[in-house]
Amino acid sequence: MSRVEPGRPVTVEVCCGSVADALAAEEGGAGRVELNAALPLGGLSPSAAAVREVRRLTGLGVVAMARPRAGGFCYVDADWAQLLAEVDALLAAGAHGVAFGCLTPAGAVDAARVREVVGRVHGARAEAVFHRAFDLVPDADEAMEVLAGAGVDRLLTSGQAPTAPEGAGLIAHLQAAWGARVQVLPGSGVRPGNAAALVAETGVDQVHSSCSGTVAAPGAAAAAHGVDFSVPGCGPDRLPCVDPGTVRELVAALR
């Protein structure tokens with residue numbers, strides 16, 4: 001089994017869909033969270049109240065998602081105005097960083113809009129993180145040139161593959177070619193059993209994982225009378241959550 005270089009610290013970031021998830025991530029030993037709403041939709045902007053509560057209740061680094069709607073990352077003007085307003089609200093609530101992504105109709109990184117967000121985020125002395133919209137672009141190095149030139153601090157990527165272990169070759173290239181300018185954060189399919197090998201192969205010093213589990217939905221009537229308000233892919237009687245035990249295993253695997 002591959003092992004992380006002794007003495008080399010690896011940051012574990014956990015993808016969270018609620019304040020309760022963030023508490024579970026901290027219980028398991030994570031160092032940072034990416035805070036979202038609506039994870040079954042791929043993650044949307046959390047409320048400012050959620051950011052404030054995670055800051056109040058934990059000592060975690062908090063990166064808040066700024067994504068105004070599901071369904072891709074090419075935004076009309078109304079979507080973009082909402083995203084910028086959410087960036088401002090999340091920063092005002094105390095987020096240490098903001099994760100965002102924006103593409104042109106042709107699928108390339110939208111350079112002007114990236115600069116607009118980075119300016120707002122850096123103005124608040126926070127980190128600007130470009131998320132997995134990167135995994136849809138046609139030319140990875142061309143996209144990295146845009147992100148680095150705009151001052152993006154970190155990139156979340158699966159290496160343009162369904163999972164980060166499958167995309168490890170590109171992730172290793174990005175780390176070697178661009179890691180001195182933009183931090184590379186592998187995410188998607190990162191688990192306790194493969195994280196150390198991924199870190200060893202790619203040379204990164206941080207990973208992103210959902211560390212997901214499920215819990216029973218509270219309440220007697222999750223669905224009744226033929227009425228079911230659950231999101232497709234999530235049953236009405238089980239709720240997705242961060243599993244603190246899985247976080248703990250992941251942290252231990254990277255020591």
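Quick note: numbers below take in every heavy atom, side chains included, and nothing from hydrogens, waters or symmetry partners. Owing to the predicted nature of the structure, the values given are computational and were not obtained by experimental measurement.
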Backbone of V33 reached by a side-chain donor or acceptor of D21 within 3.5 Å
no
Can you check side-chain contact (heavy atoms from CB on, under 4.5 Å) on V114 and C102, steps first, answer last?
CA-CA 7 Å; V114 170; C102 47; 3.7 Å; yes
Find out whether S158 and T163 are in side-chain contact, i.e. whether some heavy atom of one side chain is under 4.5 Å from a heavy atom of the other.
no
Within a strict 4.5 Å, meaning less than it, do heavy atoms of the C211 and L250 side chains meet?
yes
Can you tell me how far the CG atom of L185 sits from the CG atom of L174, to the nearest 0.5 Å?
12.0 Å
How long is the gap from NE2 on H122 to CG on L91, to the nearest 0.5 Å?
10.5 Å
Any non-hydrogen side-chain atom of V19 less than 4.5 Å from a side-chain atom of P46?
no
Report the C-alpha distance between M65 and E34 in whole Å, list the side-chain angles of each, state the deciding distance to 0.1 Å, and finish with yes or no for side-chain contact (heavy atoms from CB on, under 4.5 Å).
CA-CA 7 Å; M65 176 64 68; E34 181 195 76; 3.7 Å; yes
Taking only Lys NZ, Arg NE, NH1 and NH2, and the carboxylate oxygens of Asp or Glu, determine whether D77 and R113 approach each other closer than 4.0 Å.
yes
Assigning hydrophobic clusters by single linkage (Ile, Leu, Val, Met, Phe, Trp, Tyr; side-chain heavy-atom cutoff under 4.5 Å), is V118 placed with L103?
yes
Could you tell me whether a side-chain N or O of S209 sits under 3.5 Å from a main-chain N or O of V190, the two making a donor and an acceptor?
yes
Residue pair V146 / A111: nearest heavy atoms and the distance that separates them
CG1-CB, 3.6 Å
In the structure I gave you, are the side-chain heavy atoms of L84 and V117 within less than 4.5 Å of one another anywhere?
yes
Rounded at 0.5 Å granularity, tell me how far OG in S212 sits from CG in L39.
9.5 Å
Locate the shortest heavy-atom distance separating A126 from A95; write the atom from each residue and the value.
CB-O, 4.1 Å
Salt bridge (charged side-chain N to carboxylate O under 4.0 Å, His left out) between R56 and E53, worked out:
CA-CA 5 Å; R56 183 176 71 86; E53 282 298 281; 2.9 Å; yes
Specify the closest pair of heavy atoms between V51 and A64, including all atoms of both residues, with the distance to one decimal.
CG2-CB, 4.1 Å
Are the side chain of Q160 and the backbone N or O of F134 linked by a donor-acceptor pair below 3.5 Å?
yes
With side chains defined as the heavy atoms from C-beta onward, is the minimum distance between T11 and D205 less than 4.5 Å?
no
Side-chain heavy-atom pair D141, E145 within 4.5 angstrom cut-off
no
Q206 and R32: CA distance, side-chain angles, deciding distance, side-chain contact (heavy atoms from CB on, under 4.5 Å) verdict:
CA-CA 10 Å; Q206 52 192 307; R32 188 172 68 223; 2.7 Å; yes
hydrophobic_cluster_shared for V121 and F100, side chain cutoff 4.5 Å
yes
Is I171 reachable from V137 through a run of I, L, V, M, F, W or Y residues, each pair having side-chain heavy atoms under 4.5 Å apart?
yes
Supply the atom-to-atom distance S18 OG to N36 CG, rounded to the nearest 0.5 angstrom.
10.5 Å
How close do A70 and L44 get, heavy atom to heavy atom, and via which atoms?
N-CD2, 3.5 Å
Flag the pair L147 / W178 as yes when at least one side-chain heavy-atom distance between them is below 4.5 Å, and no otherwise.
no
Which label fits H131 and F73: parallel for a plane angle under 30°, tilted from 30 to 60°, or perpendicular past 60°?
tilted
For E27 and R248: C-alpha separation, side-chain torsions, deciding distance, then whether salt bridge (charged side-chain N to carboxylate O under 4.0 Å, His left out) applies.
CA-CA 8 Å; E27 179 185 340; R248 197 171 295 113; 3.7 Å; yes
side-chain contact (heavy atoms from CB on, under 4.5 Å) assessment of D153 paired with V129:
CA-CA 6 Å; D153 298 291; V129 183; 5.7 Å; no
What's the separation between atom CD in Q175 and atom OG1 in T157, rounded to the nearest 0.5 Å?
12.0 Å
What pair of heavy atoms forms the shortest contact from A164 to G187, and how long is it?
CB-O, 3.7 Å
For a quick check under 3.5 Å, do D110 and T104 share a side-chain donor-acceptor pair by atom type?
no
ILVMFWY network linking L254 to V247, side-chain heavy atoms under 4.5 angstrom:
yes
Considering all heavy atoms, the nearest A93-A48 contact
CB-O, 3.5 Å
Establish whether V98 and W80 are linked, either directly or via other cluster members, by ILVMFWY side-chain heavy-atom contacts under 4.5 Å.
yes
Using side-chain heavy atoms (C-beta onward) and a distance below 4.5 Å, is R191 in contact with T246?
yes
What's the separation between atom CZ in R120 and atom CG in L90, rounded to the nearest 0.5 Å?
12.0 Å
Are R67 and E86 ion-paired here, with the side-chain N under 4.0 Å from a carboxylate O?
no
